[in-house]
Amino acid sequence: MTTRLLAFSGSTRKESLNSQVLQVAIAGAESVKGCTVTLINLNDYSMPLYNGDDEQASGMPETAQKLLRLFEKHDGLLLASPEYNGFFTPLIKNTFDWMTRAEPDGKVGLRIFKRYPVALISSSPGLMGGLRSLMMVRMYLGNLGCLVLPEQVAVTGQKIKDGKITDEKLEAQVKAIGAGLAEWVGK
Ligand SMILES: Cc1cc2nc3c(=O)[nH]c(=O)nc-3n(C[C@H](O)[C@H](O)[C@H](O)COP(=O)(O)O)c2cc1C
């Protein structure tokens with residue numbers, strides 16, 4: 001049986017630490033038999049900052065509808081969450097906020113997230129590795145109805161070099177997040 005995971009980083013910065021760490025988690029997921037991962041860049045799904053008047057005038061952006069369809073086609077999400085002032089990024093919040101609104105057919109996008117499996121990792125240059133963002137993004141996704149795996153790993157940028165995690169134990173922990181999601185969803 002095939003398990004299809006979606007993966008994205010909450011940062012679209014070219015040298016994003018989160019995007020680098022996400023690659024390691026993806027390798028972990030793909031080590032599980034039958035698991036395939038679709039990595040996307042949120043730059044390809046850009047949405048205006050949510051505004052109720054814009055929504056009333058133009059409805060849900062096409063990019064949000066497109067991303068919802070991708071969620072529907074996949075069985076779980078691997079999310080790398082950067083930390084801005086102890087919180088997850090506005091990019092993550094804006095992206096999900098739009099997707100929870102009504103689609104042109106009147107159906108509310110929020111329904112897609114009910115019991116949607118999610119695994120979390122984070123990275124930041126500090127020693128905490130963005131851990132505080134994970135607490136907040138966990139709560140937020142829980143509000144949408146997602147089932148967020150209890151395991152999570154925050155990786156300090158001090159242990160990342162040339163796209164690799166230099167600490168073997170930490171690398172294994174990040175791989176285990178990806179593998180854990182793939183195994184759980186595959187059950
Ligand atoms: C507005 C802002 C607030 C930030 N606040 C934090 C913070 O609270 N904790 C932290 O560890 N890093 C913080 N940082 C640094 C980010 O973790 C750092 O820029 C990181 O590289 C962003 O993730 P990325 O590499 O995936 O783009 C902040 C950065 C910005 C731009």
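Note that ligands are numbered from 1 as they come in the structure, with each ligand's atoms numbered from 1 the same way.
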For P82, atoms of ligand 1 separated by under 4.0 Å from a heavy atom: 23 (O)

Which residue and atom name correspond to the protein heavy atom nearest atom 23 (O) of ligand 1, and how close is it? N18 ND2, 3.3 Å

At their closest point, which heavy atom of R132 faces which heavy atom of E83, and how far apart are they? N-OE1, 2.9 Å

Would one find more than 12 heavy atoms of other residues, nucleotides or ligands at under 6.0 Å from atom CD of E62? no

Just to confirm my output: which protein heavy-atom neighbour is closest to atom 26 (O) of ligand 1, and how far is it? S16 OG, 2.6 Å

Just wondering, do I112 and M99 contact through their side chains at under 4.5 Å, heavy atoms? no

Of all heavy-atom pairs linking I165 and V174, the shortest is CD1-CG2, 3.8 Å

Would you mind listing which atoms of ligand 1 come within a distance below 4.0 Å of any non-hydrogen atom of R132? 7 (C), 8 (O), 9 (N)

Heavy atoms of L42 and S9 approach each other most closely as CD1-O, 3.8 Å

Which of the atoms in ligand 1, numbered in the order shown and given with their element, are less than 4.0 Å from a heavy-atom of R13? 21 (O), 24 (P), 25 (O), 27 (O)

Identity and distance of the protein heavy atom lying nearest atom 31 (C) of ligand 1: Y84 CE2, 3.8 Å

Decide, yes or no, whether a salt bridge links E103 with R111 under the criterion of side-chain N to carboxylate O below 4.0 Å. yes

Please state which protein non-hydrogen atom is closest to atom 20 (C) of ligand 1 and give its distance, to 0.1 Å? P125 CD, 3.8 Å

Protein contact to atom 11 (O) of ligand 1 [nearest heavy atom, distance to 0.1 Å]: S124 OG, 2.7 Å

Per-atom contacts, ligand 1 versus L17 - under 4.0 Å to a heavy atom: 21 (O), 24 (P), 25 (O), 26 (O)

Quick test: of every protein heavy atom, which one is nearest to atom 5 (N) of ligand 1, and how far off is it to 0.1 Å? N85 N, 2.7 Å

Protein contact of atom 27 (O) of ligand 1 - nearest heavy atom, named by residue and atom, plus distance: S11 OG, 2.7 Å

Nitrogen or oxygen of G126 less than 3.5 angstrom from that of ligand 1: no

What residue and heavy atom of the protein are closest to atom 13 (C) of ligand 1, and at what distance? E83 O, 3.1 Å

Plane angle bin for F71 and F96 - parallel if under 30°, tilted between 30 and 60°, otherwise perpendicular: perpendicular

Are there more than 12 heavy atoms of other residues, nucleotides or ligands under 6.0 Å from atom CZ of R13? yes

Is NZ or CZ of K66 both nearer than 6.0 Å to the six-membered ring centre of Y45 and within 45° of the ring axis? yes

